[in-house]
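In what follows, every heavy atom counts, from backbone to side chain, and hydrogens, waters and symmetry copies are set aside. Treat the numbers as computed from the prediction; the structure is a model and nothing was measured. Each chain gets a letter, A, B and so on, in the order its sequence line appears, and its residues count up from 1.
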Amino acid sequence: MLDIKLIRDNPDLVRQAFEKRGESAPLDQIINLDEQRRRLLHEMETLRAQRNEVSKELGKIADKPPQLIADMRKLGERVTYLEAEICRVESELEDLLLRLPNIPAADVPVGKDAQDNITVRSRGEPAQFSFTPLPHWELGEKLDIIDFQRGAKLSGSRFYVLKGHGARLQRALINFMLDLHIKEHGYTEIYPPFMVKRECMVGSSNLPKFADNLYHDEVDDFWFVPTAEVPLTNMHRDEILPPGTLPLYYVAYTACFRREKMAAGKDTRGIKRGHQFDKVELYKFTEPENSDQELDRLVKDAEDVCGHLGIPYRVVQLCTGDLGFAAIKSFDIEMWAPGCEEWLEVSSCSNCGDFQARRANIRYRPEPKAKPSFLNTLNGSGLALPRVFIALLENYQQADGTIKVPEVLKPYMGTEVIKRS
RNA sequence: GGAGGGGUCGCAUAGUGGUCUAGUGCGGGCGCCUGCUAAGCGCUUUCCCUGGGUAACUGGGGACGAGGGUUCGAAUCCCUCCCCCUCCGCCA
């Protein structure tokens, strides 16, 4: 959420920022509601002050003047009316504010869509094959480690079952990534709930705007997490962190659930895009002045997974038009998959500034005695499992159809080669 | 799911309609005293909204788990919900 004071004082600055994103926003309506709100508030508070004073006097007198009580009753009615009006105006205002995206950082390249994103670096050479590399869905079926038919039998399209070495590989990747971030990058491991309350979704900015993408339990109003970013953001909701607490680095594994109302036919083959997938998520709470450099380090931490696995990848900076709703600046990491011949997005690392902190009311105290202020939040996949799974199968496939296990995964896999058992 | 108990300032507690501007103790901060330490003494201790001021600051309103209600006036009375504890039931 943006600071209403920023909109009030610099509407043009905000308008220009949204233009860079290719979005427009009802700023005039917002400013108008904000004025209404403050006008009503002023009247109500004046009346309340008056009532407080009179009530105090009444408390001291034994014989209450009936006329005065009648006056106060009338005043009370006006206050009740104003309260209702303020409540109405505020909820209208809040609903509009919650739907405004964040303002891109000044150094984000301006662009229209993904075409205008900028590749900032590439690492690793694409493997050379003496044969035609197969896509992972063929490898998975041949090796009997991915079962698409039974996935569909159990849960419908966009679900699959991992079996034998496939299931083991999934678990190996999760453990490897968690261990790497805990031991080498200084993150604290968190195991959060996979279902959260509505206000958590508002805090992370998945609600109200993106309700369509979420699974929701109507009976108890539980929301299934589309990413561990949601529970991690809300770890410190409504808290004031004492001086010296920041920065906080969290890493969490969760399953992720997304409705994905994609056009039929797109990304339907294989395990690239499902309704349920696994992800290891990196999350940081930082002081505002450090968040930019913390983003760079976050990207490096995520890249490190690619490096250890020995899979070629590139880092892409998103342009203003492709930036996510809450982000002020983002980098994607894409792994090369030689079978399906595609750059696969395995991570998206974002600095959200104080956007989520405002929504979730997460503050910190810079110094003892200092006033609390909003901290900055950053998130990034470290990494998303299915895509890494794909890249790994496709990059490490051998002429005989087996998969070589990368060095770092051997202790987790208990085997050097994935083959049909 | 059932029965009972509870949720008040960082922590612990008091407060059953106006004297609460939420008290007291502990912890924290500042000062005094002291050869030093301890003890003692004094002062101080939240957050949000809104107005005034460059600012230190200051006027007003609000917050006692959350939301409603009764009342001139609610921590206190009424209703709904949430969370925690104890016991019972059920269960991986």
Side-chain angles (χ1 to χ4, degrees), chain A residues 1-10 30-98 191-203 207 216-223 231 234-246 248 255 285 354-375:
Chain A
M1 192 154 67
L2 297 181
D3 187 356
I4 182 67
K5 291 184 191 111
L6 179 73
I7 300 172
R8 191 188 293 157
D9 298 337
N10 300 64
I30 287 170
I31 290 166
N32 185 19
L33 285 167
D34 175 51
E35 270 166 22
Q36 268 188 61
R37 171 177 173 270
R38 283 185 295 155
R39 187 165 41 76
L40 293 167
L41 209 54
H42 179 76
E43 185 185 349
M44 181 188 70
E45 286 178 357
T46 309
L47 293 179
R48 284 221 273 233
Q50 208 175 318
R51 181 174 69 183
N52 287 346
E53 203 167 323
V54 173
S55 289
K56 208 170 176 181
E57 291 305 312
L58 279 173
K60 293 177 189 164
I61 337 173
D63 297 324
K64 323 284 191 202
Q67 184 57 47
L68 200 51
I69 294 209
D71 287 350
M72 285 304 106
R73 184 175 294 136
K74 206 154 197 175
L75 186 146
E77 279 163 16
R78 178 70 183 164
V79 168
T80 305
Y81 165 77
L82 288 168
E83 280 169 352
E85 273 301 283
I86 289 165
C87 183
R88 188 182 61 75
V89 170
E90 276 184 346
S91 66
E92 204 177 323
L93 179 62
E94 189 187 56
D95 189 61
L96 291 175
L97 284 174
L98 286 174
Y191 179 87
F194 292 7
M195 297 188 289
V196 296
K197 297 196 244 184
R198 171 182 298 269
E199 50 262 49
C200 293
M201 287 294 178
V202 175
L207 285 178
H216 177 218
D217 162 50
E218 304 274 347
V219 179
D220 295 312
D221 198 28
F222 281 131
W223 297 75
N234 286 276
M235 283 280 290
H236 298 290
R237 178 158 50 87
D238 293 323
E239 288 183 23
I240 299 171
L241 303 178
T245 311
L246 298 179
L248 287 172
F285 297 88
D354 63 6
F355 191 78
Q356 291 177 321
R358 282 182 191 284
R359 294 171 81 108
N361 190 30
I362 316 165
R363 291 170 295 164
Y364 76 107
R365 211 179 290 280
E367 305 285 336
K369 298 262 177 192
K371 273 188 57 172
S373 55
F374 292 109
L375 47 73

Q: Measure from CG on A:Asp220 to C1' on B:G1 and round the result to the nearest Å.
A: 13 Å
Using a 3.5 Å cut-off and no angle test, enumerate the donor-acceptor pairs between side-chain atoms of residues 89-98 of chain A and protein atoms at least two apart in sequence or in another chain.
{"residue": "A:Glu90", "atom": "OE2", "partner": "A:Arg37", "partner atom": "NE", "Å": "2.7"}
{"residue": "A:Glu90", "atom": "OE2", "partner": "A:Arg37", "partner atom": "NH2", "Å": "3.4"}
{"residue": "A:Ser91", "atom": "OG", "partner": "A:Cys87", "partner atom": "O", "Å": "3.3"}
{"residue": "A:Ser91", "atom": "OG", "partner": "A:Arg88", "partner atom": "O", "Å": "3.1"}

Pairs under 3.5 Å (N/O, protein and nucleotides 43-48 of chain B):
{"residue": "B:C47", "atom": "OP1", "partner": "A:Arg365", "partner atom": "NH1", "Å": "2.5"}
{"residue": "B:C47", "atom": "OP1", "partner": "A:Arg365", "partner atom": "NH2", "Å": "3.1"}
{"residue": "B:C47", "atom": "O3'", "partner": "A:Arg363", "partner atom": "NH1", "Å": "2.9"}
{"residue": "B:C48", "atom": "OP1", "partner": "A:Arg363", "partner atom": "NH1", "Å": "2.6"}

Q. So what's B:C32 paired with, Watson-Crick or G-U wobble, going by both distances under 3.5 Å?
A. B:G40
**Q.** Spacing of the P atoms in B:G61 and B:U71 (rounded, Å)
**A.** 23 Å
Q. Does any pair with a residue in residues 68-81 of chain A pass salt bridge (Lys or Arg N to Asp or Glu O under 4.0 Å), and if so which ones, sequence neighbours excluded?
A. A:Glu43-A:Arg78
Q: Could you tell me which nucleotide pairs with B:C87 by Watson-Crick or G-U wobble geometry, both distances under 3.5 Å, or answer none if nothing does?
A: B:G2
Q) Counting N and O atoms only, with roles assigned by atom type, does the side chain of A:Arg365 sit under 3.5 Å from a partner on the main chain of A:Ala370, one being a donor and the other an acceptor? A) yes
Q | Rounded C1' spacing from B:G51 to B:G15 in Å | A | 34 Å
**Q.** Distance, rounded to the nearest Å, where A:Glu83 contributes CD and B:C49 contributes C1'
**A.** 14 Å
Q.
Please give the distance between the C1' atoms of B:A56 and B:G68 as a whole number of Å.
A. 42 Å
**Q.** Rounded interatomic separation in angstrom, taking CZ from A:Phe222 and P from B:C82
**A.** 11 Å
Q) If we take the P atom in both B:G73 and B:G89, what is their distance in whole Å? A) 49 Å
**Q.** Validation row: A:Ser373, A:Tyr364 side chains within 4.5 angstrom (heavy atoms)
**A.** yes
Q) Is there a side-chain contact between A:Ile362 and A:Gln356 (heavy atoms, below 4.5 Å)? A) no
Q) Using purine N1 to pyrimidine N3 plus N6-O4 or O6-N4 for Watson-Crick, or N1-O2 and O6-N3 for G-U wobble, both under 3.5 Å, which nucleotide pairs with B:G51? A) B:U58
(Q) In whole Å, measure the gap between the C1' atoms of B:C11 and B:U45 for me. (A) 14 Å
Q: Classify every nucleotide of nucleotides 60-75 of chain B by which part a protein heavy atom approaches to under 4.0 Å, writing B for the base, S for the sugar-phosphate alone and - for neither, in 5'-to-3' order.
A: BSS---------BS--
(Q) Under 3.5 Å for both donor-acceptor distances, Watson-Crick or wobble: does B:G18 have a partner, and if so which one? (A) B:C72
Q.
Run A:Leu241 and A:Leu248 through side chain to side chain contact (heavy atoms under 4.5 Å, CB included) and show every step you take.
A. CA-CA 10 Å; A:Leu241 303 178; A:Leu248 287 172; 4.1 Å; yes
Q | Strand-adjacent residues in residues 192-203 of chain A, judged by heavy atoms under 4.0 Å from RNA chain B | A | none
Q.
Is the ring pair A:Phe285/A:His236 parallel, tilted or perpendicular, if the boundaries are 30 and 60 degrees?
A. perpendicular
Q. What does B:U80 pair with, Watson-Crick or G-U, if both distances are under 3.5 Å?
A. B:A66
**Q.** Heavy-atom side-chain proximity of A:Arg237 to A:Cys200 below 4.5 angstrom
**A.** yes
**Q.** Whole-angstrom distance between B:C85 and B:U70, as gauged at atom C1'
**A.** 32 Å
Q) Has the side chain of A:Asp3 got a donor or acceptor atom that lies under 3.5 Å from a matching backbone atom of A:Lys5? A) yes
Q) Counting only side-chain N and O atoms of A:Arg38, is one of them less than 4.0 Å from OP1 or OP2 of B:G51? A) yes
Q | Those residues that, when tested against A:Phe194, pass ring-ring contact (aromatic ring centres under 6.0 Å, His included) (two or more places apart) | A | A:Tyr191
Q | Identity of whatever pairs with B:U24 - Watson-Crick or G-U, under 3.5 angstrom | A | B:A12
(Q) Would you measure the distance from the C1' atom in B:C30 across to the matching atom in B:A22 and give it in whole Å? (A) 24 Å
Q | Within-4.5 Å side-chain heavy-atom neighbours: A:Val54 and A:Leu75 | A | no
(Q) Has A:Asp354 got a side-chain atom pairing as donor or acceptor with A:Phe374's backbone, closer than 3.5 angstrom? (A) no
Q | Qualifying residue, where the test is side chain to side chain contact (heavy atoms under 4.5 Å, CB included) with A:Leu40 and the options are A:Glu85, A:Glu45, A:Glu83, A:Glu35 | A | A:Glu85
Q: Pick base, sugar-phosphate or nothing for A:Arg39, based on heavy-atom distances below 4.0 Å to the nucleic acid.
A: nothing
Q) Distance between the P atoms of B:G60 and B:G67, in whole angstroms? A) 24 Å
